[in-house]
Amino acid sequence: MTKRLEGKVAVVTGSGQGVGRGIALVLAREGAKVVTNNRKPGSTGVASFKKELDEQFNDEERTKLLTLKGDAESTANEIIKAGGEAVPFYGDVSDYATAGKLIQTAVDAFGRVDILVNNAAGLGFGMLATTSEADWDYQTVPKLKGAFNCLSHALPFMMEQKSGRILNVASDAWVGIAGLGAYSAANSGIVGLTKAAAKELWPFGITCNAFCPQAASRGHVNFRATLRELMKAQGITMEVNEAKMKEVEEAHGPAENMAPFVAYLATEEAGFISGAVFSITANGRVAFYSDPEPAGEIKKNDGPWTVEELIKTVPENLLKDYASIATRNEWA
């Protein structure tokens with residue numbers, strides 16, 4: 001089998017477990033040398049979003065979490081055992097200096113950095129009215145600032161090389177999901193960052209794309225359990241489409257099954273793709289998000305609009321056939 005990433009060096013943040021681990025393993029199988037990363041060694045895989053909710057998991061979920069445990073070293077060792085090259089790095093990439101050390105580790109170990117996968121994140125759930133400042137920071141800072149930090153340190157090397165692949169892990173929540181306000185905001189930021197970076201970096205031979213993965217991960221198990229318990233605690237009732245939820249679970253298979261598309265985006269052959277956002281699942285589905293464009297327009301040339309004119313014109317012209325997204329139930 002041809003190894004499409006032979007000679008390339010990849011940095012994958014948040015690659016001790018789940019989606020990041022799967023991506024690191026597949027990049028290595030395609031010939032890339034990989035620097036793996038997570039915040040600290042010895043993860044048990046049974047941490048929840050909040051310590052007070054540690055008893056939220058049922059037996060099935062706790063067993064699943066134990067199968068997903070791991071850290072940067074265990075992922076690196078798995079790559080090495082399979083005949084690849086990898087180096088682990090522990091550290092929180094939301095700290096700017098630490099992110100710099102991560103990128104420098106790749107350069108010191110392998111001489112360059114060609115592929116950056118920004119996967120580190122903090123996941124949570126909560127209605128905006130009950131989201132604390134700490135919750136907001138946990139869900140936005142590692143994802144958004146962490147991505148910027150790593151990108152900022154990697155770019156000088158990529159620009160000098162006149163080549164590079166930046167792959168930002170977003171979530172389908174970037175479109176906005178009730179109960180995921182902070183997480184939705186962080187991922188919308190990732191999409192905006194991706195599109196801006198793609199435009200800036202194209203002249204340097206560097207592409208930047210985002211993808212929204214669905215695969216087995218500690219975060220998915222945590223989210224499912226936390227959503228159930230918080231809805232119960234807050235007396236929130238949502239009508240859930242069981243067939244849809246089954247489809248969601250089937251999409252969250254082994255992350256290695258989702259990762260080949262990520263490896264494809266890192267190849268020379270995918271160099272024509274930049275600024276794109278994809279949704280990919282572990283059961284073979286790949287979707288491409290269209291770019292937002294104005295869907296309608298009104299204009300007045302003889303002076304500013306009055307409120308009375310807008311009350312009449314907006315529903316009749318600008319928003320004809322409009323239905324608010326607030327009326328939809330994502331879980332139904």
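The closest side-chain heavy-atom distance from Ile273 to Tyr264 is below 4.5 Å. Contact annotation: the side chain of Lys143 never approaches that of Phe148 to less than 4.5 Å [non-hydrogen atoms, C-beta and beyond]. Annotation: side chain of Ile190 is not in contact with side chain of Asn118 (no heavy-atom distance under 4.5 Å). Using a 4.5 Å heavy-atom threshold, the side chains of Lys300 and Glu309 count as touching. The shortest side-chain heavy-atom distance between Met158 and Ile166 falls under the 4.5 Å cut-off.
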Query raised in the report: Between Glu308 and Lys312, is a salt bridge (charged side-chain N to carboxylate O under 4.0 Å, His left out) present by the stated rule, with each step listed?
Result: CA-CA 7 Å; Glu308 291 302 318; Lys312 177 177 175 56; over 6 Å; no
Report task. In sequence, state the C-alpha distance, the side-chain angles, and the governing distance for Val277 and Asn209, and then conclude on side-chain contact (heavy atoms from CB on, under 4.5 Å). Result -> CA-CA 6 Å; Val277 182; Asn209 294 290; over 6 Å; no
Report task. Test side-chain contact (heavy atoms from CB on, under 4.5 Å) on Val262 and Leu167 and set out the steps. Result -> CA-CA 8 Å; Val262 182; Leu167 302 170; 3.8 Å; yes
Query raised in the report: Under the side-chain contact (heavy atoms from CB on, under 4.5 Å) criterion, do Ser15 and Asn119 qualify, and how do the steps go?
Result: CA-CA 7 Å; Ser15 51; Asn119 176 62; 5.8 Å; no
Requested in this report: Please assess Asp172 against Ser279 for the test side chain to side chain donor-acceptor pair (under 3.5 Å), listing each intermediate value before the final yes or no.
Outcome: CA-CA 7 Å; Asp172 293 301; Ser279 178; 3.0 Å; yes
Query - Asn38/Asp71 under side chain to side chain donor-acceptor pair (under 3.5 Å): CA gap, chis, key distance, verdict - result: CA-CA 6 Å; Asn38 70 293; Asp71 57 21; 5.7 Å; no
Report task. Begin with the C-alpha distance, continue with both residues' side-chain angles, and end with the deciding distance and a verdict on side-chain contact (heavy atoms from CB on, under 4.5 Å) for Thr75 and Val12. Result -> CA-CA 11 Å; Thr75 301; Val12 185; over 6 Å; no
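Taking 4.0 Å as the cut-off between side-chain N and carboxylate O, Lys195 and Asp291 count as a salt-bridged pair. Classification of Glu78 and Arg21 as a salt-bridged pair holds, one side-chain N sitting under 4.0 Å from a carboxylate O. Comment: Arg112 does not engage Glu160 in a salt bridge, judged by the lack of any side-chain N to carboxylate O separation of less than 4.0 angstrom.
Follow the hydrophobic side-chain contacts under 4.5 Å out from Phe204 and you reach Val9 in the same cluster. Put simply, Val35 and Val169 are part of two different groups of oily side chains (I, L, V, M, F, W, Y) that touch within less than 4.5 Å, one to the next. Linking ILVMFWY residues whenever their side-chain heavy atoms come closer than 4.5 Å, directly or via other members, places Leu5 and Leu265 in the same cluster. One hydrophobic cluster holds both Leu25 and Ile115 under the rule that ILVMFWY side chains link at heavy-atom gaps under 4.5 Å. In the hydrophobic clustering of ILVMFWY residues, with side-chain heavy atoms under 4.5 Å counting as a link, Val117 and Phe261 come out together.
Note that CG of Leu180 is 7.5 Å distant from OG of Ser171, once rounded to the nearest 0.5 Å. A distance of 11.5 Å separates SG in Cys150 from NZ in Lys145, rounded to the nearest 0.5 Å. Separating the CZ atom in Arg165 from the CG atom in Leu27 is a distance of 12.5 Å, to the nearest 0.5 Å. With values rounded to the nearest 0.5 angstrom, Arg285 atom CZ is found 6.5 Å from Gln214 atom CD. Atoms CD and CD1, on Glu316 and Ile311 in that order, are 11.5 Å from each other to the nearest 0.5 Å. Distance CZ/Phe89 to OG1/Thr105: 5.0 Å, rounded to 0.5 Å.
With hydrogens and angles disregarded, a donor-acceptor distance shorter than 3.5 Å links the side chain of Asn149 to the backbone of Val93. Judged by distance alone, with hydrogens and angles left aside, the side-chain atoms of Ser188 form a donor-acceptor pair with the main-chain N or O of Trp174 at under 3.5 Å. Using a distance-only test at 3.5 Å, with no hydrogens or angles considered, a donor-acceptor pair links the side chain of Asn187 to the main chain of Tyr183. A donor-acceptor contact shorter than 3.5 Å is absent between the side chain of Glu85 and the backbone of Gly31. Looking only at distances, no side-chain donor or acceptor of Asp114 sits under 3.5 Å from a matching main-chain atom of Gly164. Remark: the backbone N or O of Gly205 is not paired with any side-chain donor or acceptor of Ser163 at under 3.5 angstrom. At least one donor-acceptor pair under 3.5 Å links the side chain of Thr131 to the backbone N or O of Met127. A donor-acceptor pair is defined here as one N or O able to donate and one able to accept, closer than 3.5 Å; such a pair exists between the side chain of Thr13 and the backbone of Ala120. Ser74 places no side-chain N or O within 3.5 Å of a backbone atom of Gly70 that could act as its donor or acceptor partner. With hydrogens and angles ignored, the 3.5 Å screen pairs no side-chain donor or acceptor of Ser94 with any backbone N or O of Pro142.
Nearest heavy atoms, Tyr289 versus Cys212: CE1-SG, 4.2 Å. Counting all heavy atoms, side chain and backbone alike, Ala197 lies closest to Leu151 at CB-CD1, 4.4 Å. Scanning all heavy atoms of the two residues, the minimum distance from Thr36 to Ala76 falls at OG1-CB, 3.7 Å. Contact detail for Gly22 and Ala259: the closest heavy-atom pair is O-CB, 3.6 Å. For Pro254 against Ala282, the heavy-atom pair with the smallest separation is O-CB, 3.4 Å. Counting all heavy atoms, side chain and backbone alike, Val11 lies closest to Ala106 at CG2-CB, 3.6 Å.
Within 6.0 Å of NZ in Lys101 there are 12 or fewer heavy atoms belonging to other residues, nucleotides or ligands. For Glu6, the CD atom is densely surrounded, since the number of other residues' heavy atoms within 6.0 Å is greater than 12.
Using cut-offs of 30° and 60° for the angle between ring planes, the Phe278 and Phe288 rings count as tilted. Below 30°, between 30° and 60°, or above 60°: for His153 and Tyr96 the angle between ring planes is between 30° and 60°, a tilted geometry.
In this view, Glu297 satisfies the salt bridge (Lys or Arg N to Asp or Glu O under 4.0 Å) rule with no residue, not counting sequence neighbours.
Lys299 and Asn301 form a side-chain donor-acceptor contact under 3.5 Å, judged by distance and modelled atom types alone. A side-chain donor from one of Asn168 and Thr194 sits under 3.5 Å from a side-chain acceptor of the other.
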Contacts table for residues 317-325: side-chain donor-acceptor under 3.5 angstrom, sequence neighbours left out:
| residue | atom | partner | partner atom | Å |
| --- | --- | --- | --- | --- |
| Asn317 | ND2 | Thr313 | O | 3.4 |
| Ser324 | OG | Ala326 | N | 3.0 |

